[in-house]
Amino acid sequence: MPNADDIRWFKTEFGPQIEAAVAGTPLPPDLVVAVACQETGSLWAPMRRQGLPTERIVALCVGDTLDADGGRRAFPRTRQELLAAPRGEEMFAIARQALLDMAVHVTGYQGVARRAGKFCHGFGVFQLDLQFFRDDPDYFLNRDYERFDQTLARCVHELRGALRQLGLEDRDTLSDLESAAVGIVYNTGGFKPAKGLKQGFNDGQRYYGEALFDYLRLAHSVAAAGAPATLPGAEPGQAVIAQPGVVSAGGPWMRVQTFSSMLRLRRSPEISDPPQANVLSNLPDGHRVRALTGAKVKGFIEVETTLAGALLRGFASAKYLVADEEPVEEPLAPVPVAPAVSMPRRPGSVTRRRDPANAHSLNERGQPQRSGDTADALRQSLGAIIDWLAVDDPAHLRYQPGGGRTFCNLYAHDYCTLAGAYLPRVWWTPDALLQWAAGQGVEPQYGQSIEEMRANDLFRWLRGAGASFGWRQTGTLTKLQTEVNQGAIGLVVARRKEDGRSGHIVAVVPETDEHRARRDAQGEVLAPLQSQAGVRNFRRSTGQAGWWTGEAFAEFAFWLHA
């Protein structure tokens, strides 16, 4: 499969042509690159490593040898059906020879090439299917597919048709999920939002939409031919994730002014029943927002804002908003943060899953960790962590509830630690933090300079110190699940109103074929796929819908770590 170096080669060779072909459309060039990766990357990637000339590589990009016995339904389902068509014998000869020529360089096709009746059904870098032979035989018989400009033109034509089908043709830009939806239409002829990316051809490991999205993100992180990368690349063992959104509203700037509490940002211009049900976030007193128009709707104003990296858009009560000046963008001075800390342990001691809960981190032999340099490898390693922790195994006393105690904080710590993200099990006391701020060294001593972190404490820690350790908020469950599906680490954290009562924290984990997030008809995630310890322990479930908006909680947030 194509890697970053392969994509760099592809962009270098064809980037200017792709840019010109999509000019005037909302299609991102990286979507075209991703389609090429998905359709024929298994062909051109190994051939370019063999040093073949670019023109020859393009000419050899043919494939798909499945006939009716392999599940093919479109014309031609068999060799006989092709031979019976006008000029079919001529087409079969071309399709058969194309397979033989390509198989010389791509070992995976050599077995099928030895079968005399086999021939190719897909032609060109973007794989125009042979079913179109009856409509446009000259494209195949003249071997136009061997020219990159010709196969590119066909691809962009089909992608523009997909744009029209989805009602996106008048957009200026597309999100990555919208781009993937266009690609799914390209592959299948349709798109069902409620199914997310699990649509299109399934190769036994991933659906077409999932693989396309992986390639799209990887393409975003690759710079080539003097063009900068759309997204920064990731370190090994980390995910390539989208950049935080920016406020694009054009109305007046305003500021939250409550003098008493945070201001609820709501999904709709109304107070729901219960009041927390339609809350998107809680905005601190003094927080700056920008109105879309400034017009009141039922006493609410629709606004946009960012909070700890999350782009938020919703309705806020007009009576708690006052006019404010446009902010002057100034670089933020670095905020001194104390270093990561963990519970000291006796030399040689081991903390195991089967031990009762304590303040130590796990240090069992053979612990898995997040690893890999592809989204698929990251997802698999996160899945291995979840299954190794086995939070639902009664033998793992570390996570089992009892005596009024639950251990969501402990499980979240273990999951994040194995995944390579710092989420503290213990943290510095206020006095210790003052000493650090004064430049004084502090030794970690339980009850003196460090203390255990409960879910409420973790909520505050993430908001206050999380950015220094790679954490940022995201504004919607759809964004959260999307990035987690790329191998990122996700959390949902809710702080209790009564500080002495337990808040809650869960890990949001990559979807699988067996376990999926719950989406509405428009494809928006209503309940992400979660893994938790608590009153009920589970490895993967959508849990109780919207638990974080419960009246017991003062506020909640969705967090991401690459």
Side-chain angles (χ1 to χ4, degrees), residues 1-45 47-48 54-55 57-58 61 124-128 145 147-187 191 197 200 208-234 239-243 245-246 374-375 482 486:
M1 291 292 104
N3 58 28
D5 288 337
D6 298 319
I7 290 175
R8 187 173 295 106
W9 172 85
F10 193 89
K11 284 188 170 187
T12 300
E13 294 293 324
F14 307 117
Q17 294 180 67
I18 295 172
E19 292 272 1
V22 300
T25 79
L27 296 169
D30 281 344
L31 172 59
V32 179
V33 175
V35 171
C37 289
Q38 174 64 2
E39 295 289 349
T40 57
S42 61
L43 306 175
W44 54 257
M47 286 192 285
R48 76 97 187 166
T54 298
E55 295 77 9
I57 292 173
V58 172
C61 279
V125 171
F126 302 98
Q127 291 289 275
L128 187 68
Y145 59 84
R147 294 172 48 194
F148 186 79
D149 61 335
Q150 291 290 320
T151 185
L152 174 62
R154 288 280 182 152
C155 174
V156 172
H157 175 76
E158 294 297 322
L159 291 175
R160 294 185 73 167
L163 282 173
R164 290 190 295 273
Q165 180 174 326
L166 295 172
L168 300 173
E169 68 271 28
D170 294 329
R171 295 282 295 278
D172 294 328
T173 60
L174 301 179
S175 70
D176 285 350
L177 284 176
E178 290 167 338
S179 294
V182 171
I184 290 170
V185 174
Y186 178 87
N187 177 245
F191 177 70
L197 297 177
Y208 187 97
E210 294 175 308
L212 183 71
F213 194 92
D214 287 352
Y215 285 129
L216 181 62
R217 277 295 173 81
L218 183 57
H220 284 338
S221 70
V222 174
T230 306
L231 291 176
V240 175
I241 64 174
Q243 294 291 87
V246 296
T374 67
T482 297
Q486 285 296 291

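Residue numbers start at 1 and run along the sequence shown. Just so you know, these numbers use all the heavy atoms, side chains as well, and skip hydrogens, waters and symmetry mates. For clarity, every value in this text was computed on a predicted model and none was experimentally measured.
- Within the 4.5 Å cutoff, the side chain of L177 has heavy atoms near those of the F213 side chain.
- Side-chain atoms of Q127 and T40, non-hydrogen and from C-beta on, do get closer than 4.5 Å to each other.
- Classification of the F126-F148 ring pair by plane angle, with boundaries at 30° and 60°, yields tilted.
- Note that the CD1 atom of I7 and the NE2 atom of H220 stand 11.0 Å from one another [nearest 0.5 Å].
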(Q) Test side-chain contact (heavy atoms from CB on, under 4.5 Å) on V22 and V156; report intermediate values, then the result. (A) CA-CA 7 Å; V22 300; V156 172; 4.3 Å; yes

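- No side-chain heavy atom of L212 sits less than 4.5 Å from a side-chain heavy atom of Y186.
- A 4.5 Å side-chain heavy-atom check between D6 and W44 finds at least one atom pair inside the cut-off.
- In this structure, the side chains of C37 and M1 stay at 4.5 Å or more apart for every pair of heavy atoms.
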Side-chain donor-acceptor contacts of residues 157-168 below 3.5 Å, not counting sequence neighbours, with atom names and distances?
unit_1 : atom_1 : unit_2 : atom_2 : d
Q165   : NE2    : G189   : O      : 3.0

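- A salt bridge is absent between E13 and R48; no separation between the charged side-chain nitrogens and carboxylate oxygens falls under 4.0 Å.
- The two atoms that bring P2 and S42 nearest to each other are CD-N, 4.4 Å, heavy atoms only.
- Here the shortest heavy-atom pairing between A211 and Q38 reads CB-OE1, 3.2 Å.
- Counting only heavy atoms from C-beta outward, the side chains of V125 and L152 never approach each other to under 4.5 Å.
- Residues P28 and S179 come closest through the heavy atom pair CG-OG, 3.4 Å.
- In this structure, G183 and Y208 approach most closely via the heavy-atom pair O-CE2, 3.5 Å.
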